[in-house]
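Reading through the structure tokens given below for one structure.
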Amino acid sequence: MMNRFEQALISNMGSFGLELPPETVTQLAEFYSLLTRWNDRLHLVAPCEPEEFVVRHVLESLLLLQHLPPNAKIADIGSGGGLPIIPCLIARPDLEATLIESSQKKVIFLREVLNRHSLHAVVVAKRFEDVAAPDVSFVTCRALDQFMRKLPALIEWAPRGSTLLLFGGEGLGKQLTNFKQFLVPQSEKRYLFLTTD
């Protein structure tokens, strides 16, 4: 299964504009292996084949990299299974992140991943509404519960002048009319939405 993941990553990364070195591919495969082991208990992501996980979760997450300058500081909201932020931290060790996740069980998983990969990140075990926004220039969010309802609060919460990078479908796009939108490669309805204050 590990082999299928790595092969899928290598064969699909070009369509996402990526050229990942072999050691990054190996680390991403280790992350996938860890996540699948925890997934039965924690329901971090919907079960899927390695090839689908590569495209739908890892490569989609890595689309953020082209929008993040060197040494960028990021807050990731509703980190859950570590998407989109963990693949980005693995591929770009210069990045620093604050992972904000309210589920205590998922926080344990996230801390395990960060320790295994020695990533520059801290986990905050609270809802974003209950913490002050950290000193970051970017805010990411991919799978927050009740995203549409919480979106106005998230935009209000984000530090002034920060760039928001949000993943979603066409419904979200109708709410984010002032955001730039980029269609996710190999997808018909998934977008990365981006704005600056």
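- For E23, the CD atom counts as densely surrounded, since its 6.0 Å shell holds more than 12 non-hydrogen atoms of other residues, nucleotides or ligands.
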- Dump the intermediate steps for ring pair (Phe, Tyr, Trp, His ring centres under 6.0 Å) on H67 and F182, then the final yes or no. CA-CA 12 Å; H67 304 287; F182 303 91; 5.1 Å; yes
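- Using a 30° and 60° split on the angle between ring planes, W157 and F128 fall in the perpendicular class, above 60°.
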- Task: Before giving the answer on side-chain contact (heavy atoms from CB on, under 4.5 Å), spell out for L176 and I155 the whole-Å C-alpha distance, their side-chain angles and the decisive distance to 0.1 Å.
- Result: CA-CA 11 Å; L176 301 176; I155 291 170; 4.3 Å; yes
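- Although no hydrogens or angles enter the test, the distance criterion places no donor-acceptor pair under 3.5 Å between the side chain of R116 and the main chain of R111.
- Between the side chain of N12 and the backbone N or O of A8 there is at least one donor-acceptor pair closer than 3.5 Å.
- Across every non-hydrogen atom of L110 and G81, the tightest pair is CD2-C, 4.2 Å.
- Note that the CG atom of L114 and the CG atom of L99 stand 6.0 Å from one another [nearest 0.5 Å].
- The ring pair (Phe, Tyr, Trp, His ring centres under 6.0 Å) check on F138 picks up nothing, with sequence neighbours excluded.
- Across V107 and A125, no two heavy atoms sit closer than the pair CG2-CB, 3.7 Å.
- A donor-acceptor contact closer than 3.5 angstrom links the side chains of S15 and Q186.
- A pairwise comparison of heavy atoms in E6 and A29 identifies OE2-CB, 3.5 Å as the closest pair.
- Taking all atoms of both residues into account, the shortest heavy-atom contact from S103 to E101 is N-OE2, 2.9 Å.
- The minimum heavy-atom distance between L95 and C88, with the atom names listed, is CD1-O, 3.7 Å.
- When the side-chain contact (heavy atoms from CB on, under 4.5 Å) test is applied to E60, the partners found at least two apart in sequence or on another chain are R142, F167, V184, R190.
- The stretch residues 119-138 participates, sequence neighbours left out, in these salt bridge (Lys or Arg N to Asp or Glu O under 4.0 Å) pairs: R127-E129, R127-D130, E129-K150.
- Shown here for P84 and S61, the closest heavy-atom pair between the two residues is CA-OG, 3.1 Å.
- Exactly one residue among T163, V136, V139, I85 makes a side chain to side chain contact (heavy atoms under 4.5 Å, CB included) with I74. That residue is I85.
- Within the model, atoms CD of Q66 and CG of L165 stand 10.0 Å from one another, a figure rounded to the nearest 0.5 Å.
- Ion pairing between R4 and E51 holds under the 4.0 Å rule for side-chain N and carboxylate O.
- When hydrophobic clusters are built by joining Ile, Leu, Val, Met, Phe, Trp and Tyr residues whose side-chain heavy atoms come closer than 4.5 Å, directly or via intermediates, L83 is not grouped with V122.
- The cluster map of Ile, Leu, Val, Met, Phe, Trp and Tyr, joined by side-chain heavy atoms under 4.5 Å apart, puts L44 and I108 in the same cluster.
- For the pair S162 (side chain) and A158 (backbone), a donor-acceptor distance under 3.5 Å is absent.
- Although no hydrogens or angles enter the test, the distance criterion places no donor-acceptor pair under 3.5 Å between the side chain of S79 and the main chain of G82.
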